[in-house]
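Scroll down for the structure; my scribbles are underneath it.
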Amino acid sequence: MARLDGKVALISGGARGQGRSHALRLAEEGADIVTFDLCEQVESVPYAMSTEEDLNETVRLVEDLDQRIVARKADVRDPGQVETVVEEGLGEFGHIDIVLANAGIFTLGAAHELSRQSWDDIIDINLTGVWRTCKAVIPHMIEAGRGGSIVITSSTAGIKGFGNTAHYTASKHAVVGLARTMANELAPHMIRVNTVHPTAVDTPMIQNEMTYSLFRPDLEHPTQADAMEAFRTINALPIPWVEARDISNAVLWLVSEEARYVTGIMVPVDAGMTQKV
């Protein structure tokens, strides 16, 4: 038997990047998937966001693994849309055992220079969207009485502060508090809640000129090659970034029976970044 045979996982932000990687890794271990993504551009975000074609590719890849998937275009800022996805998933599979609150965006700006829109978008997606995702499914998990596992994607910015990311860092710290609280609330139901904290991950969220400029502000249009060495210096291990699958492997452990008594913890997958002196 695979490690997740008979399990169903709900994943926000599953069109590409870490969300797609999580869907595929869990499907490899026998899970069926319910996922959704905005598949539109958020005006305050300067890099290209996911598309419906990206979401369709996630569907194809999961089905190629002989697992079933329900995938929908939906916005974590709209509770009705999130609830509809959950209801469709329950209608298809009968239960949801795993929640990966993964959807998020990243923008830059000094705290005193951020626009209200930039602040609101980050908080609404990265924090309130996580809460909305969990809120939509937790009552069904409790009623089913099967236990379960929730993993929230935080960041190394949920452990320490970084310049020019006040809104992002605030959101990623905040979901740690949310997870710790829910770990206590849901423990009587054998539902575990944990957070993962990646360093830079090789996804479109960091592989763009906006993020390169954070590391190379001396260049007008920095490239990946320009920024790579600067990325490398933030980690203790001599690598510029980790792969999405590295995060997915940690998530897989957290949602599996191997971590059946693990709840309320922070799991850094950060190449030693938060320990580097």
Side-chain angles (χ1 to χ4, degrees), residues 1-40 50-104 124-125 128-153 178 182 185-186 188-193 248 251-252 254-257:
M1 287 183 63
R3 293 153 83 182
L4 300 180
D5 277 350
K7 302 293 187 182
V8 178
L10 172 71
I11 305 170
S12 65
R16 67 179 191 187
Q18 291 185 56
R20 176 190 286 171
S21 177
H22 298 344
L24 297 181
R25 189 69 187 94
L26 270 57
E28 288 173 356
E29 293 292 340
D32 291 317
I33 305 298
V34 181
T35 191
F36 64 98
D37 208 312
L38 176 60
C39 300
E40 291 180 7
S50 64
T51 65
E52 292 186 63
E53 288 74 20
D54 292 324
L55 187 60
N56 291 338
E57 178 66 4
T58 297
V59 170
R60 184 188 70 79
L61 292 168
V62 169
E63 290 179 341
D64 282 351
L65 295 168
D66 294 323
Q67 295 302 130
R68 292 185 293 162
I69 180 170
V70 171
R72 297 291 181 264
K73 182 178 180 293
D75 187 346
V76 292
R77 295 171 295 182
D78 185 323
Q81 292 184 21
V82 178
E83 290 162 9
T84 296
V85 172
V86 170
E87 292 296 337
E88 288 193 47
L90 291 169
E92 179 71 21
F93 300 118
H95 56 90
I96 292 173
D97 310 283
I98 296 163
V99 179
L100 306 184
N102 164 80
D124 211 11
I125 293 172
T128 310
V130 166
W131 170 72
R132 288 191 186 102
T133 301
C134 296
K135 177 179 171 60
V137 72
I138 286 171
H140 303 286
M141 296 174 77
I142 293 173
E143 183 179 3
R146 296 166 54 94
S149 178
I150 298 171
V151 180
I152 296 172
T153 302
L178 176 63
M182 292 195 303
E185 292 177 350
L186 299 176
H189 306 286
M190 292 301 291
I191 298 170
R192 302 177 296 104
V193 188
S248 300
V251 167
L252 172 62
L254 283 170
V255 304
S256 74
E257 285 299 300

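Counting heavy atoms from C-beta on, the side chains of C39 and D54 never come closer than 4.5 Å. Here the side chains of F36 and D75 are not in contact, with every heavy-atom distance at 4.5 Å or above. Using a 4.5 Å heavy-atom cutoff, the side chains of L100 and V255 are in contact. In this structure, T58 and I69 have side chains that are in contact, with non-hydrogen atoms separated by less than 4.5 Å. Within the 4.5 Å cutoff, no side-chain heavy atoms of T128 are placed close to those of V130. The shortest side-chain heavy-atom distance between L10 and T35 does not fall under the 4.5 Å cut-off. Looking at heavy atoms from C-beta onward, L90 lies in side-chain contact with I96 at the 4.5 angstrom threshold. Residues F93 and R68 meet the side-chain proximity criterion, which asks for heavy atoms closer than 4.5 Å.
No donor-acceptor distance shorter than 3.5 angstrom exists from the side chain of S21 to the backbone of G17, with no hydrogens or angles considered. The backbone N or O of L254 lies less than 3.5 Å from a partner atom in the side chain of R192, making a donor-acceptor pair. Between the side chain of E83 and the backbone N or O of A136 there is no donor-acceptor pair closer than 3.5 Å. In this structure, N102 contributes its side chain and G13 its backbone to a donor-acceptor pair below 3.5 Å.
Between the side chains of D37 and S50, at least one donor-acceptor pair of N or O atoms lies under 3.5 Å. Between the side chains of Q67 and D32, a donor-acceptor pair is found at a separation under 3.5 Å.
Residues forming a salt bridge (charged side-chain N to carboxylate O under 4.0 Å, His left out) with D5 (at least two apart in sequence, or on another chain): none. With sequence neighbours excluded, the residues that form a side-chain contact (heavy atoms from CB on, under 4.5 Å) with I142 are I138, L186, H189, I191. Scored by the side-chain contact (heavy atoms from CB on, under 4.5 Å) test, R72 finds V70, V85, E88 as partners (sequence neighbours excluded).
The two residues A23 and I33 have their closest heavy-atom pair at O-CD1, 3.7 Å. Taking both residues in full, the closest heavy atoms of S248 and H22 are given as OG-ND1, 2.7 Å, listed atom of the first, atom of the second, then distance. For the pair V76 and A103, the tightest heavy-atom approach, listed with the atom from each and the gap, is CG1-CB, 4.1 Å.
Rounded to the nearest 0.5 angstrom, L24 CG and R20 CZ are separated by 7.5 Å. The CG atom of L65 lies 10.5 Å from the CD atom of E29; values are rounded to the nearest 0.5 Å. Taking CZ of R146 as the reference point, atom CG of D97 lies at 4.0 Å (rounded to 0.5 Å). Taken to the nearest 0.5 Å, the SG atom of C134 stands 6.0 Å off from the CG atom of L178. Note: S12 OG to L38 CG = 11.5 Å, rounded to the nearest 0.5 Å.
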*Step by step, would you call I98 with I150 a side chain to side chain contact (heavy atoms under 4.5 Å, CB included)?*
CA-CA 6 Å; I98 296 163; I150 298 171; over 6 Å; no
*Between R25 and E28, does a salt bridge (charged side-chain N to carboxylate O under 4.0 Å, His left out) hold up when you go through it step by step?*
CA-CA 5 Å; R25 189 69 187 94; E28 288 173 356; 3.0 Å; yes
*Evaluate salt bridge (charged side-chain N to carboxylate O under 4.0 Å, His left out) for K73 paired with E40, printing each intermediate quantity in order.*
CA-CA 9 Å; K73 182 178 180 293; E40 291 180 7; 2.5 Å; yes
*Show your working on salt bridge (charged side-chain N to carboxylate O under 4.0 Å, His left out) between D124 and R132 and close with a plain yes or no.*
CA-CA 10 Å; D124 211 11; R132 288 191 186 102; 3.2 Å; yes
_Let's go through E257 and R3 carefully: what are the C-alpha distance in whole Å and the side-chain angles of both, what is the deciding distance for salt bridge (charged side-chain N to carboxylate O under 4.0 Å, His left out) to 0.1 Å, and is it a yes or a no?_
CA-CA 8 Å; E257 285 299 300; R3 293 153 83 182; over 6 Å; no
*Decide yes or no on side chain to side chain contact (heavy atoms under 4.5 Å, CB included) for V34 and I11, but give the supporting numbers first.*
CA-CA 6 Å; V34 181; I11 305 170; over 6 Å; no
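Residues R60 and E63 are not paired through a salt bridge, judged by the lack of any N-O separation under 4.0 Å between the basic side chain and the carboxylate.
The number of heavy-atom neighbours closer than 6.0 Å to NZ of K135, taken from other residues, nucleotides and ligands shown, is 12 or below.
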